[in-house]
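Here's the structure, in structure tokens; my notes come after.
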Amino acid sequence: MKKIIFALCMFSFIFSSVEISGDARFRPRFDQKINGDETSTSDLYYLYRARINFKVDIDGGWYFKTKLGTSSIAGMSKMGSDGSGPGIESSYRPLVSFMELNFGYKAESCGYWAGIFPLKSNPSLDIHFYPNKLVDIPFALYSNGAIMGMGGYKTFFSNKVNWFMSVDKNVTNNEEYQLDNNLADSSSIDFYTLGLNSSIKLSQITLTPTLLYSFGNKNSNSPLTVGGDITLPRISNIKSSLSYYNSFNGDEGDNDYYQVDHFRLSLIYPFNENKIKLFYDMANHNDDQFSYLWISYTHMCYKGDLGEVSMSPTIRMQTGTGIGDDYDKDYKRNKFELTTQIKFK
């Protein structure tokens, strides 16, 4: 009995430093697409997801973190249509993947980590990694807000400089002999993206300049994205911010050349434990124009020490789709949805 009690005490001690949290969502959505040729489609479908987070602190500033979920768009699954199950359509069950998996060190003056780790959603990430999509938060949707690589921060004179380097594509070198027995030049370089940003506070305004640059194989794209966010003073408790980013790839006349710019106005009005969120995007890919409007209201149904439950009716409206010859300026997509979410900690 003493050994059992000792083992239970040791088990409790070992796992006392493990933090477990997560969330689950259920989202009915009415999705309407109207094309420039006046054809249209509409669909009412149901999305769901669950994610579990684990964090372990081993002292001395060192930690390990991981997130389990489904590797799909926004980690969501669609009822009655996703994947192939063993039986009827509704027999499919989503698979679990490591959505995040990293470890590192954090202190007041510096920090660094490696693996699969999250990046805060930002238009610079959208237009840099997804220049063919631009609107509808593509980095958060298609990359699930995370990258593979290394990252960290360093504090200089009380200002924190954040950095990351993502490994976007691994390339294997091959040696091939041509017909004249000469060795073909097949050397290549892996593809990376370097990101830098820092927040500068000026009175009640915060500026956050950002730079993203991709480099590697000379035959691959090497976009450069620059710009920043401006957080404005609160007016009647309304949080507001502006952002503008520009992204370039290659030189004019190159096959892969493009120039992208993106402007966003964001407003958040918190009241009691609820909030209204709105942001409006205007984006251009060369001569192709796009716009996007997001309006949501989050109502807190319950909030306690162990978690919360909320409901968020949301409207998303997009104009324009495709690029180049596939561009449709009269395209419209409207999403009307209601998200019920539970968070636990």
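The analysis underlying the following values was restricted to heavy atoms, covering all of them including side chains, and did not include hydrogens, waters or symmetry mates.
The same ILVMFWY cluster, assembled from side-chain heavy atoms under 4.5 Å apart, contains both V161 and F157. In the hydrophobic clustering of this structure, L338 does not group with L47; members are Ile, Leu, Val, Met, Phe, Trp, Tyr whose side-chain heavy atoms approach within less than 4.5 Å, directly or through other members. Put simply, I147 and I73 are part of the same group of oily side chains (I, L, V, M, F, W, Y) that touch within less than 4.5 Å, one to the next. Under the 4.5 Å side-chain contact rule for hydrophobic residues, I52 and L95 do not share a cluster. V167 and L119 fall into different hydrophobic clusters, where Ile, Leu, Val, Met, Phe, Trp and Tyr are joined by side-chain heavy atoms under 4.5 Å apart, directly or via other members.
Note that OG of S241 is 9.5 Å distant from CD1 of I230, once rounded to the nearest 0.5 Å. Once rounded to the nearest 0.5 Å, the distance linking OG of S266 with CG of L232 reads 10.0 Å. Taking CE of M99 as the start and CZ of R49 as the end, the distance is 9.0 Å to the nearest 0.5 Å. Note: N334 CG to T319 OG1 = 10.0 Å, rounded to the nearest 0.5 Å. Distance check, rounded to the nearest 0.5 Å: CG of D126 to OH of Y245 gives 10.0 Å. Atom CD of E273 is separated from atom NZ of K303 by 5.0 Å, given to the nearest 0.5 angstrom.
More than 12 heavy atoms of other residues, nucleotides or ligands lie within 6.0 Å of CG in L44, so this atom counts as buried by the packing criterion. Annotation for L306: atom CG does not count as buried by contact number, only 12 or fewer foreign heavy atoms lying within 6.0 Å. Residue-environment remark: CE (M150) exceeds the threshold of 12 foreign heavy atoms within 6.0 Å. Around CG of D59, the count of heavy atoms belonging to other residues, nucleotides or ligands within 6.0 Å does not exceed 12. By the 6.0 Å contact criterion, CZ on F98 is open, its count of non-hydrogen atoms from other residues, nucleotides or ligands being 12 or less.
Between the side chains of S199 and T206, no donor-acceptor pair of N or O atoms lies under 3.5 Å. There is no side-chain donor-acceptor pair under 3.5 Å between N197 and T208. Counting only N and O atoms by type, the side chains of T314 and S296 include no donor and acceptor under 3.5 Å apart. There is no side-chain donor-acceptor pair under 3.5 Å between N246 and D261. Looking only at atom types and distance, the side chain of S21 has a donor-acceptor partner in the side chain of N53 under 3.5 Å away. Between the side chains of N102 and K65, not a single donor N or O lies within less than 3.5 Å of an accepting N or O. Side-chain atoms of H299 and S310 include no donor-acceptor pair closer than 3.5 Å. Between the side chains of N122 and D229, a donor-acceptor pair is found at a separation under 3.5 Å. R29 and Y45 are linked by a side-chain donor-acceptor pair at a separation below 3.5 angstrom, with hydrogens and angles left out of the test. Looking only at atom types and distance, the side chain of S71 has no donor-acceptor partner in the side chain of S97 under 3.5 Å away. Side-chain N/O atoms of R25 and T339 include no donor and acceptor closer than 3.5 Å.
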Apply side-chain contact (heavy atoms from CB on, under 4.5 Å) to Y258 and V260, showing your working.
CA-CA 7 Å; Y258 64 78; V260 169; 3.7 Å; yes
Does the pair T225 and S124 meet the rule for a side chain to side chain donor-acceptor pair (under 3.5 Å), with working shown?
CA-CA 7 Å; T225 301; S124 65; over 6 Å; no
Apply the test side-chain contact (heavy atoms from CB on, under 4.5 Å) to residues S214 and H128: give CA-CA distance (whole Å), side-chain angles for both, the deciding distance (0.1 Å), then the verdict.
CA-CA 9 Å; S214 295; H128 189 87; 2.7 Å; yes
Yes or no on side-chain contact (heavy atoms from CB on, under 4.5 Å) for Y48 and M79, after CA distance, side-chain angles and deciding distance?
CA-CA 8 Å; Y48 63 101; M79 290 184 173; 3.6 Å; yes
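Legend: salt bridge (Lys or Arg N to Asp or Glu O under 4.0 Å) pairs involving residues 198-215, not counting sequence neighbours: none detected. Under the salt bridge (Lys or Arg N to Asp or Glu O under 4.0 Å) criterion, the residue pairs touching residues 275-288 are R264-D281, with sequence neighbours excluded.
Exactly one residue among I58, L101, D57 makes a side-chain contact (heavy atoms from CB on, under 4.5 Å) with F64. That residue is L101. Tested against L212, the residues L224, L194, L125 include a single side-chain contact (heavy atoms from CB on, under 4.5 Å) partner, L125. Under the salt bridge (Lys or Arg N to Asp or Glu O under 4.0 Å) rule, D31 has a single partner from R316, R333, K332, which is R333.
In this structure, Y63 has its ring center at least 6.0 angstrom away from the ring center of F103. Aromatic ring centres of F290 and Y327: separated by under 6.0 Å. Less than 6.0 angstrom separates the ring centroid of Y105 from the ring centroid of Y112.
Using the six-membered ring where Trp is involved, F117 and W113 have ring planes that are perpendicular, over 60° apart on the 30 and 60° scheme. Taking the six-membered ring where the residue is Trp, W294 and F279 present parallel rings, their angle staying beneath 30° rather than reaching 60°.
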Give the table of side-chain donor-acceptor pairs shorter than 3.5 Å for residues 129-146, with sequence neighbours excluded, one pair per line with atom names and distance.
from	atom 1	to	atom 2	distance (Å)
Y130	OH	S143	OG	2.7
D136	OD1	Y292	OH	2.7
D136	OD2	K335	NZ	2.8
N144	OD1	G75	N	2.9
N144	ND2	S72	O	2.8

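A donor-acceptor contact shorter than 3.5 Å is absent between the side chain of T321 and the backbone of D328. Between the side chain of D256 and the backbone N or O of N249, no donor-acceptor pair lies under 3.5 Å. Using modelled atom types, no side-chain atom of Y92 and backbone atom of G87 make a donor-acceptor pair closer than 3.5 Å. The backbone N or O of E108 sits less than 3.5 Å from a side-chain atom of T155, completing a donor-acceptor pair. Between the side chain of D37 and the backbone N or O of T39, at least one donor-acceptor pair lies under 3.5 Å.
In this structure, K78 is not positioned above the aromatic face of Y46 in the sense of NZ or CZ being under 6.0 Å from the six-membered ring centre and within 45° of the axis.
For the pair R51 and D23, the salt-bridge criterion is met [side-chain N within less than 4.0 Å of a carboxylate O]. The pair E19-K55 does not meet the salt-bridge criterion, since no charged nitrogen lies less than 4.0 angstrom from a carboxylate oxygen.
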